[in-house]
Amino acid sequence: MVELRSGIGPHLFVVLGATGDLMHRKLLPALFQVSADDSLRQKVVLLGVARADLDDGRFRESVHASLTAAGVGADDPRRGWADEAVHYQRLDPAHGVGFDALLARIQEVERDHQLPGDRVFYLALPVDTIADILAGLGAAGVAHGPGWCRIVIEKPFGRDLESAEELNRQLHASFQENQVFRIDHYLGKETVQNLLVFRFANMLFESIWNRDRVANVELTVAEDLGLEDRAEYYDRSGALRDMLQNHMTQLLTLVAMEAPATATGDSIRNEKVKVLQSIGPVSPDDAVFGQYVAGGSGATAVKGYLDEKGVAPGSNTETYAAAKLSINNWRWQGVPFLLRTGKRMPSKSTRIVVNFRRPPVMFFQSEDATDLAANRLMIMVQPDEGFELAFELKPPGHALTMQTHRMHFLYSEAFGPLTDAYQTLLTDIMRGDQTLFVRGDEVEAAWRVYAPLIASPPPIQPYPSGTDGPARAAELAQRNGVIWSTD
Ligand code: BG6
């Protein structure tokens, strides 16, 4: 078969959950960017699947609406993709439209578009519906077509270690691990991928990236937004399952891992798993959970979590989580890794701060109030993607004093706008490259780290919307020699 541009061949891309929020906000705009140009149009054929009783025409209308919302112009010629290569199939076994009908439709669409039978199944579905879908796909043999077959599962993968193990068992009943793409969209971000190049292509940093030179590492994923109409999902998840166990833990593995033997998917994932295996389970004494309460005033007043639409009365769901992790290996023994994430914090910012040790003896007076004199590398994952290195220098004048200065690198200045993470990941799924996806043993190892917090969650601390989280989180950081960074 002729390989098309970027190594993507003709195939059917099936999305289950095709009427949901993820599909319309993230997947469709990204699928459009990857599939709608001349070389792939008609070749990447989308089959949307959901319970709703729609036909191709009505589904295509909703696709056009999503593209408009994503900023695609009404006269963009690539919009033809939505009319030529997008189809819809209802799946509602309880009402007699089951997996056999889905298989028949898949075969029909493949015939009409002369596709070779290569298939992606993207499950954009709540985690508690996945088991039934996997069983249905497996029983109907939908997954075993004439060509290759890949299955994509969104995070969170399970609710805890036991459910993740069970989900892995269900997946492996019908699919080999090399067919499974567990998605964590943080891994598709350019700045996250850059962590590997930054670390392993620069001797400058790699040679000081260890317990001898690093005092502590801070990882922050702060969001100013609240629930955004996602209470049904979020109230049953909370910050640990929504962010800490996946996005933040992935960032941590990339910061802490050893150099892989090769740049291939499994070599890199092997090293990430080793980091997770070296982390002791997090003690509830080393974690703080919080929940936002009303904050601001007048025009900027924001309601508290318990007053959000769809949140269960008296809900104990954490909208903030901070934890200290210890990596018990030769490189990191004794270096605290402080992680925090929260909704309704002052601004959106994802950053990794590596605080280096201070010089053993200090001869110079500091002109700065903070008197830190410790080098600090701040990797800005988003927004303002780039990094910043803080170092000391002598300001001009008679006195031999020091001042802290910051050196910047900004992606926007060097490269312009960055590609959306979902576009990168969808392209990799279509190409069959698993490097940026989470392996089965990896996801289980990540759950194992947080098992004690799931078994006995720390008490919820309230924090006013628009603030940096509960005071206890600042105390946790201070106990470990860290003052949470500000922007
Ligand atoms: C999602 C979470 O995975 O990531 C959301 O479910 C969160 O709650 C989002 O808001 C953050 O992603 P990003 O790319 O905007 O940092």
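Note that ligands are numbered from 1 as they come in the structure, with each ligand's atoms numbered from 1 the same way. Nothing here was measured: the structure is a model prediction, and the numbers come from that model.
- Counting only heavy atoms of the protein, atom 9 (C) of ligand 1 lies nearest to E223 OE2, 4.0 Å.
- Of the polar atoms of D242, at least one N or O is found under 3.5 Å from an N or O of ligand 1, judged by distance alone.
- Here R439 pairs with D266 in a salt bridge; the nearest charged N to carboxylate O distance falls below 4.0 Å.
- A salt bridge between E61 and R58 is absent, with no side-chain N of the basic residue lying under 4.0 Å from a carboxylate O of the acidic one.
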Y292/E308 under side-chain contact (heavy atoms from CB on, under 4.5 Å): CA gap, chis, key distance, verdict: CA-CA 11 Å; Y292 63 82; E308 301 267 18; 2.5 Å; yes
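- Atoms of ligand 1 lying under 4.0 Å from at least one heavy atom of K343, given by number and element, are 5 (C), 7 (C), 8 (O), 10 (O).
- Comment: R269 does not engage E442 in a salt bridge, judged by the lack of any side-chain N to carboxylate O separation of less than 4.0 angstrom.
- V221 pairs with exactly one of I352, T350, L244 by the side chain to side chain contact (heavy atoms under 4.5 Å, CB included) rule, that one being T350.
- In this structure, the protein non-hydrogen atom closest to atom 12 (O) of ligand 1 is H185 NE2, 3.2 Å.
- No N or O atom of T350 sits closer than 3.5 Å to an N or O atom of ligand 1.
- In summary, the atoms of ligand 1 found under 4.0 Å from a heavy atom of K189, numbered by their order in the structure, are 13 (P), 14 (O), 16 (O).
- Side chain of R78 to main chain of V72: no donor-acceptor pair is present (N/O by atom type, distance under 3.5 Å, no hydrogens or angles).
- No part of Y234 comes within 4.0 Å of ligand 1, judged by heavy-atom distances.
- Ring-centre distance between Y411 and F409: below the 6.0 Å cut-off.
- Heavy-atom contacts of H247 reach the following atoms of ligand 1: 1 (C), 3 (O), 4 (O) (cutoff under 4.0 Å).
- Annotation for ligand 1: atoms under 4.0 Å from non-hydrogen atoms of K348 are 13 (P), 15 (O), 16 (O).
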